[in-house]
Asker: 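Mind looking over this structure? Questions follow.
All heavy atoms count here, side chains included; hydrogens, waters and symmetry mates do not. Just so you know, ligand 1 is whichever comes first in the structure, and atom 1 is the first atom listed for that ligand. Position 1 is the first residue of the sequence, and the numbers go up from there.
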Amino acid sequence: MLSRRKFLGASFSVCALPSLSVTGDINKSIKRYKLVADQSHHTFSDDLPSTNLWLYNNHCPGPLITANKGDVLEVFFTNKLDQPTSIHWHGIRNLNKMDGVPGLTQKAVEPGESFTYRFPLNDSGSFWYHAHNRAWEQVSRGLYGALLVLEEQNWMNVRDRVLLIDDWRIDQDGLFDQASLGNLHDWSHRGRLGNFLTVNGKSGPKIDLPFNGSVRLRFINSANARVMVFKLNDGLPAKIISLDGSPCTPFFTDRLTLAPGQRMDAMIADCSQLDNLWEISTRQEFIAARFSPVMTVPVDRGKKYSSDFWYPLPSRINAKIIDIDMRGGAMGNLNYAVFQGEKRDLRDLAINEKKIWALNGKIGSYGLNLGTISLGEVAILRVLNDTAWDHVMHLHGQHFWVKSKEFGDDAKYVLRDTYLMKPKEKADLIFSADNPGLWLFHCHTLEHHAAGMAGVISVI
Ligand code: C2O
Ligand code: CU
């Protein structure tokens with residue numbers, strides 16, 4: 001077991017889980033995996049007791065899924081939990097019926113039942129998968145894993161490292177803090193923040209690297225609520241080559257900011273320079289992981305990675321504009337909201353229904369249609385964060401262009417699926433609606449999502 005875990009932390013090229021890859025048509029190989037959600041236990045570090053979590057295949061994080069662009073991914077999923085669940089493939093421009101939102105795109109997978117997810121992987125990049133029923137609970141208990149779709153002929157995967165990062169809340173005994181789940185104060189403020197950070201399921205792990213040459217660090221934030229900020233040792237600048245899976249125009253930064261759900265791929269030209277990864281979002285900086293150059297791997301042939309965006313910024317002439325005003329939460333300006341057709345006082349809604357956030361004056365749900373777009377049309381979600389808090393807005397099924405203020409003062413257009421919005425910020429999320437279906441739009445602070453910050457964009 002221990003060596004297995006070490007494997008996971010080390011290099012996925014070595015630990016890629018067995019999958020029965022059936023090659024038929026050369027361009028359409030099927031990658032098959034089995035995932036089982038179950039109660040399990042895990043040890044975050046040697047000085048902590050083993051704690052109860054809910055995991056896929058008894059692994060924390062869940063098994064790394066890898067495939068090549070153009071493959072079909074088939075996941076036979078079984079639910080051994082005692083509550084319904086589903087799996088969402090975050091960032092995949094998926095078939096709507098495979099998107100994993102119970103009550104919107106599929107029926108929940110009930111305890112004891114199975115469901116087969118099967119969909120084509122048309123884009124390469126860094127993705128992740130996670131439970132999407134009561135996600136505020138199921139994800140916080142550990143139901144997630146990384147999904148990498150490699151570019152064709154990706155010989156570089158020995159130089160790829162996944163850093164799947166979570167902050168858990170553990171109690172005085174070092175156990176998963178169940179009592180804090182569902183806390184109304186968390187739900188109306190920043191969400192349920194953890195107090196214990198892990199990288200690939202371990203506290204401060206050693207990450208093996210090649211002795212020299214380039215390395216690609218694929219960061220994924222799987223926390224419920226914490227916006228994490230990292231720096232490499234001595235502020236070594238990282239070259240960011242991809243955001244939320246899609247290549248971006250490369251830029252250098254010494255502060256890697258990742259909101260929940262977001263991914264960021266950083267290229268380090270010479271990995272022999274790496275020693276520590278620091279988390280610096282709070283006043284107490286600490287080492288999140290240590291890099292260790294120990295591996296002999298083939299020489300770095302300097303292959304170029306793709307820098308082609310999945311699609312260019314579309315023309316906004318004749319775009320369909322959908323206004324979305326976000327309000328609510330603590331210290332907000334929302335006194336009343338419509339819940340299930342009835343206008344109610346927000347305090348009443350908070351205390352009696354645990355609903356605290358509203359979109360366009362309505363408590364959000366999977367039944368709230370925010371707008372309807374014709375297939376092929378360009379759409380702009382004109383989003384105003386009229387609250388006192390950060391929100392991390394995630395659109396299922398497509399990536400949008402946004403003039404991002406996440407990387408310093410000079411805002412730049414980037415293609416993302418999850419965008420961190422500051423209080424009072426207004427942003428246009430621009431996309432060409434090429435993927436038909438009912439797509440969830442929600443805050444990836446999972447407590448905000450549960451408390452009403454969610455709605456549906458219909459592409460028909
Ligand atoms: Cu990563 Cu609707 O979620
Ligand atoms: Cu939010």
Side-chain angles (χ1 to χ4, degrees), residues 61-62 85-94 96 98-106 108 126-140 143-147 164 166 186-193 220-227 244-245 258-263 324-332 334 355-359 363-366 368 370 383-400 416-425 427 437-457:
T85 187
S86 69
I87 306 177
H88 170 56
W89 311 90
H90 184 125
I92 299 287
R93 299 194 285 177
N94 212 333
N96 195 245
M98 294 292 138
D99 197 43
V101 183
L104 184 68
T105 68
Q106 68 168 102
S126 305
F127 304 92
W128 66 301
Y129 59 93
H130 60 81
H132 212 295
N133 188 46
R134 292 170 63 90
W136 54 275
E137 173 176 23
Q138 295 188 357
V139 174
S140 77
L143 288 169
Y144 60 78
L147 163 59
L164 181 47
D166 196 0
D186 288 346
W187 287 37
S188 59
H189 291 72
R190 289 174 65 199
R192 181 173 175 274
L193 297 171
I220 306 171
N221 181 346
S222 64
N224 278 41
R226 183 179 297 280
V227 177
D244 293 352
L258 282 132
Q262 291 184 326
R263 288 88 66 216
I324 301 174
D325 287 357
M326 301 152 56
R327 293 172 67 190
M331 293 176 265
L334 184 72
K355 297 295 179 188
I356 309 159
W357 306 92
L359 300 175
I363 300 293
S365 70
Y366 297 172
L368 173 63
L370 295 167
V383 188
L384 171 65
N385 176 4
D386 196 5
T387 77
W389 307 93
D390 286 359
H391 296 288
V392 192
M393 301 315 293
H394 172 46
L395 178 61
H396 285 217
Q398 38 260 304
H399 278 52
F400 49 78
R416 306 209 75 136
D417 61 43
T418 306
Y419 180 58
L420 173 61
M421 292 186 76
K422 292 287 162 195
K424 306 301 168 196
E425 181 175 346
L438 301 176
W439 301 109
L440 197 62
F441 178 65
H442 67 90
C443 181
H444 223 285
T445 298
L446 297 174
E447 295 76 17
H448 294 176
H449 173 192
M453 198 163 267
V456 174
I457 304 291

Asker: My understanding is that only one of Arg190, Lys424, Lys422 makes a salt bridge (charged side-chain N to carboxylate O under 4.0 Å, His left out) with Asp390; could you say which?
Answerer: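 Result: among Arg190, Lys424, Lys422, Lys422 is the only option passing the salt bridge (charged side-chain N to carboxylate O under 4.0 Å, His left out) with Asp390.
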
Asker: Within rounding of 10°, what is the angle whose vertex is atom 2 (Cu) of ligand 1 and whose arms end at NE2 of His132 and NE2 of His396?
Answerer: 100°

Asker: Report yes if the distance between the aromatic ring centroids of His449 and Trp136 is under 6.0 Å, otherwise no.
Answerer: no

Asker: Looking only at side chains, do Thr105 and His396 share a donor and an acceptor under 3.5 Å apart?
Answerer: no

Asker: Aromatic contact between Trp128 and His444, with the criterion being ring centroids under 6.0 Å apart: yes or no?
Answerer: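 When the ring centroids of Trp128 and His444 are compared, they turn out to be within the sub-6.0 Å range.
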
Asker: What atom name does the N, O or S atom of His90 nearest to atom 1 (Cu) of ligand 1 carry?
Answerer: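 So the atom name we want here is ND1.
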
Asker: I need the ND1(His448)-the Cu ion (ligand 2)-ND1(His391) angle, rounded to 10 degrees.
Answerer: 100°

Asker: Do any of the N, O or S atoms of His88 sit under 2.8 Å from atom 1 (Cu) of ligand 1?
Answerer: no

Asker: Has His442 got an N/O/S atom less than 2.8 Å from atom 2 (Cu) of ligand 1?
Answerer: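 Checking atom 2 (Cu) of ligand 1 against His442, an N, O or S atom does fall under 2.8 Å.
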
Asker: Is there an N/O/S atom in His444 at a distance below 2.8 Å from the Cu ion (ligand 2)?
Answerer: no

Asker: Tell me whether His394 has at least one N, O or S atom under 2.8 Å from atom 2 (Cu) of ligand 1.
Answerer: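 False for His394.
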
Asker: Could you measure the distance from the CZ atom of Arg327 to the CG atom of Leu359? Nearest 0.5 Å is fine.
Answerer: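 Going from the CZ atom of Arg327 to the CG atom of Leu359 covers 11.5 Å.
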
Asker: Please work out which of the three classes, parallel, tilted or perpendicular, describes the rings of His130 and His88, given edges at 30° and 60°.
Answerer: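 Rings of His88 and His130: perpendicular, over 60°.
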
